[in-house]
Asker: 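First the structure, which I've put down as structure tokens, then a few questions once you've had a look.
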Amino acid sequence: MIQLIRGFRDILPSDVPLWQRIEQTAVELFEAYGFAEIRIPIMEKTELFARSIGETTDIVEKEMYTFADRQGAKQKADELLTLRPEATASIVRAYIQHKMYAGDPLHKFYMTGPMFRRERPQKGRYRQFYQIDAEIFGTGSAYADVLLISMLTELLRRLGVDDTKAHLNSLGCPECRPAYRETLTAYIDARADRLCEDCQRRKTRNPLRVLDCKVTACREAMTQAPELIDHLCDACRDHFAIVTESLADLSVPYVLDKRLVRGLDYYTRTTFEIHTEVLGAQSAVAGGGRYDGLVEALGGPSIPASGFAIGFDRLAEIVAQKQPAAVPAPALFIAPIGEEARARAFPWFIELGQAGVTCDIEMGGKSLKAQMKRANRIGAAHVLIVGETELVQGAAILRDMNTKAQQAVPLERLVATLVAELG
RNA sequence: GUGGGUGUAGCUCAGUUGGUAGAGCCCCUGGUUGUGGCCCAGGUGGUCGUGGGUUCAAGUCCCAUCACUCACCCCA
């Protein structure tokens, strides 16, 4: 028996109503704020991800599904393709490629779909996982960041999730980060011998990540480390102040998390993650931030942008714990008895469906008792019983499964009657 | 990539010192010559993850492998 790929999964019909509800809730909310859906390809040239996410990040170094477009042929760099590990790079690429910055550069996008990262599977972590993404291009305003965080909070609230926490930090900008980086590197070098193996590597390539290390020895060594947030330039400090003040005005709960450093290199200034208790180690249900340099870095004009990604799988798990999704039940089950009745009833079933009545019918030749059992099991509100007697008398029996009340429905205009009654 | 735990019926799980498989739920049939949920009776369903090994005999012991799972790591 062929099994599905490790870290991949089927989302079965019993889970789909939940996924649909989450997606509909998100779409409704995002569109209210002027976000428009964009659909991007599932693969891009590897170079796009390498350049945007960062050559030295874990995602690019060891987690991407990359392959040669043509086997055996002489390989050029641009023939290496990668299954998208995140959405932002593609959206930026599309924004630049279609010159969407011309005219009004302000655009708000959202998208949803699968992403691929080859990590060891775990609770809330899959190799094919789904994200809901939102991005704002064309404004450097701190209020754009606030809008994103507020949307996330509201989305969670609408889905009945209220015990999450927004973690907030600022990563500075090209004006202030280099100086801080030097300060930090000096601090780290002074106690490098106490750091773990990974941090030994990180300290030169990406020293900010040392702050984020979970190893106890590293945490202890870094307790007195200089904080980026204390070394911001004036512009970054003002930006961050507006973010925090505005969130407070809106009563959006947040905590400052000075150690919040994200794993993608393109972030600047505001970064945030939404955390939850119920997912074990994979506590981040959403994350994002500002990436003012990315559009330009990928060959576009200098245009600021900000965005977030929600872990759909994780969100679905949280929401499912709060309120299990209701299984949709049909309004009507048609129970014909005998060949002739079935032949007569089948067109009713087709027409009722066309008229929008959710219904089902027994297509085999089961006993009425078996049919009633099935109607009950699938939660049908009504059952239409039709056998020889009913055909002779010219009226079928409509049974209300809750009250057990039965009424005769004349075969003439039967479909119209049922549509009026149940539709 | 590293470590721990777990793999027996569709699902949740028993299986005692090795003696060639069981329960509950689900499903099907009947108890009601054409009426569901409760109850009663009967029934379908498993090469015990896979491959080797030890043994007269392996679900049970040994090795390997795969999968799931949790954690590290990373992130959504």
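Predicted model only: the values in this text are computed from it and were never measured. Lettering follows sequence order; numbering is per chain, from 1.
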Asker: Distance under 6.0 Å and angle within 45° of the ring axis: does R84(A) meet both against F49(A)?
Answerer: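 No, R84(A) and F49(A) do not form such a contact.
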
Asker: Could you work out the separation of rC61(B) and rU17(B) based on their C1' atoms and round it to a whole Å?
Answerer: 13 Å

Asker: Just the rounded figure in Å: distance from P of rC72(B) to NZ of K123(A).
Answerer: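 After rounding, the reported distance stands at 13 Å.
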
Asker: Under a 4.0 Å N-O cut-off, is there an ion pair linking E44(A) with R93(A)?
Answerer: yes

Asker: Has R191(A) got its NZ or CZ under 6.0 Å from the middle of the six-membered ring of Y187(A), at an angle within 45 degrees of the ring axis?
Answerer: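 Judged by the rule, R191(A) and Y187(A) form a cation-pi pair.
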
Asker: Does K123(A) pair with E317(A) as a salt bridge, N-O distance under 4.0 Å?
Answerer: yes

Asker: Would you mind classifying the nucleic acid contact of I132(A) as base, sugar-phosphate or nothing, using non-hydrogen atoms under 4.0 angstrom?
Answerer: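 Nothing, no heavy atom under 4.0 Å.
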
Asker: Using the C1' atom on both, measure rG37(B) against rU32(B) and round to a whole Å.
Answerer: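 Rounded to whole Å, the distance is 16 Å.
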
Asker: For this output row, return yes or no: ring centroids of F137(A) and F109(A) closer than 6.0 angstrom.
Answerer: yes

Asker: For rG7(B), which nucleotide is its Watson-Crick or G-U wobble mate, given both distances must be under 3.5 Å?
Answerer: rC66(B)

Asker: Can you tell me how far P in rG49(B) sits from the matching atom in rA58(B), rounded to whole Å?
Answerer: 15 Å

Asker: Applying the Watson-Crick and G-U wobble criteria at under 3.5 Å, what pairs with rU16(B)? Answer none if nothing qualifies.
Answerer: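 Its partner is none (no Watson-Crick or G-U wobble pair with both distances under 3.5 Å).
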
Asker: Base, sugar-phosphate, or nothing for G124(A), non-hydrogen atoms under 4.0 angstrom?
Answerer: base

Asker: State the pairing partner of rG45(B); accept Watson-Crick or G-U wobble contacts with both distances under 3.5 Å, and report none otherwise.
Answerer: none

Asker: F333(A) and side-chain contact (heavy atoms from CB on, under 4.5 Å): which single residue from H382(A), E362(A), M372(A), R377(A) fits?
Answerer: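 By the side-chain contact (heavy atoms from CB on, under 4.5 Å) criterion, F333(A) pairs with just one of H382(A), E362(A), M372(A), R377(A): E362(A).
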
Asker: Do you know the tightest heavy-atom contact between R51(A) and A297(A)?
Answerer: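 The pair with the smallest heavy-atom distance is NH2-O, 3.0 Å.
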
Asker: Mapping I337(A) and L4(A) onto RNA chain B by nearest heavy atom, which one lands closer to the 5' end?
Answerer: I337(A)

Asker: Rounded to whole angstrom, note down the C1' distance from rC13(B) over to rG59(B).
Answerer: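 Between the two C1' atoms, the distance is 14 Å.
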
Asker: Please determine, for rU54(B), whether a Watson-Crick or G-U wobble partner exists with both distances under 3.5 Å, and give it or none.
Answerer: none

Asker: In whole angstrom, what separates R6(A)'s CZ from rA67(B)'s P?
Answerer: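 Taking CZ of R6(A) and P of rA67(B), I get 5 Å after rounding.
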
Asker: Roughly, in whole Å, what's the span from OH in Y126(A) to C1' in rC68(B)?
Answerer: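 Taking atom C1' of rC68(B) as the reference, OH of Y126(A) is at 11 Å.
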
Asker: Rounded to the nearest angstrom, tell me the gap between atom CE in M401(A) and atom P in rC38(B).
Answerer: 12 Å

Asker: Contact class for K62(A) (heavy atom, under 4.0 Å): base, sugar-phosphate, or nothing?
Answerer: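 Answer is nothing: K62(A) stays at 4.0 Å or more from every strand.
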
Asker: Strictly below 4.0 Å: does Q122(A) bring a side-chain N or O up to OP1 or OP2 of rA71(B)?
Answerer: yes

Asker: Of the nucleotides rC72(B), rG36(B), rU29(B), which one has an atom closest to the side chain of A281(A)?
Answerer: rC72(B)

Asker: For a quick check, with a 4.0 angstrom heavy-atom cut-off, what is the B/S/- contact string for nucleotides 1-12 of chain B, read 5' to 3'?
Answerer: BBB---------

Asker: Would you classify E61(A) as touching base, sugar-phosphate or nothing, given that sugar-phosphate means primed atoms plus P, OP1 and OP2, and contacts are heavy atoms under 4.0 Å?
Answerer: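 No contact.
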
Asker: Under the side-chain contact (heavy atoms from CB on, under 4.5 Å) rule, what do I274(A) and L156(A) come out as? Steps first, then yes or no, please.
Answerer: CA-CA 10 Å; I274(A) 309 291; L156(A) 292 166; 3.6 Å; yes

Asker: Under 4.0 Å from any atom of RNA chain B, heavy atoms only: list the residues of residues 373-383 of chain A that qualify, in numerical order.
Answerer: K373(A), N376(A), R377(A)

Asker: Salt bridge between D163(A) and K322(A), side-chain N to carboxylate O under 4.0 Å?
Answerer: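 Salt bridge between D163(A) and K322(A), a charged N being under 4.0 Å from a carboxylate O: yes.
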
Asker: If I take atom CD in residue Q406(A) and atom C1' in nucleotide rU35(B), what distance separates them, rounded to the nearest angstrom?
Answerer: 7 Å

Asker: Using whole Å, what does the distance between atom P of nucleotide rG30(B) and atom NZ of K369(A) come to?
Answerer: 7 Å

Asker: Side chain of Q371(A), base of rU35(B): donor and acceptor closer than 3.5 Å?
Answerer: no

Asker: Could you give the distance separating rU44(B) and rG51(B) at their C1' atoms, to the nearest angstrom?
Answerer: 31 Å

Asker: Supply the atom-to-atom distance K108(A) NZ to L148(A) CG, rounded to the nearest 0.5 angstrom.
Answerer: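 The NZ atom of K108(A) sits 10.0 Å away from the CG atom of L148(A).
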
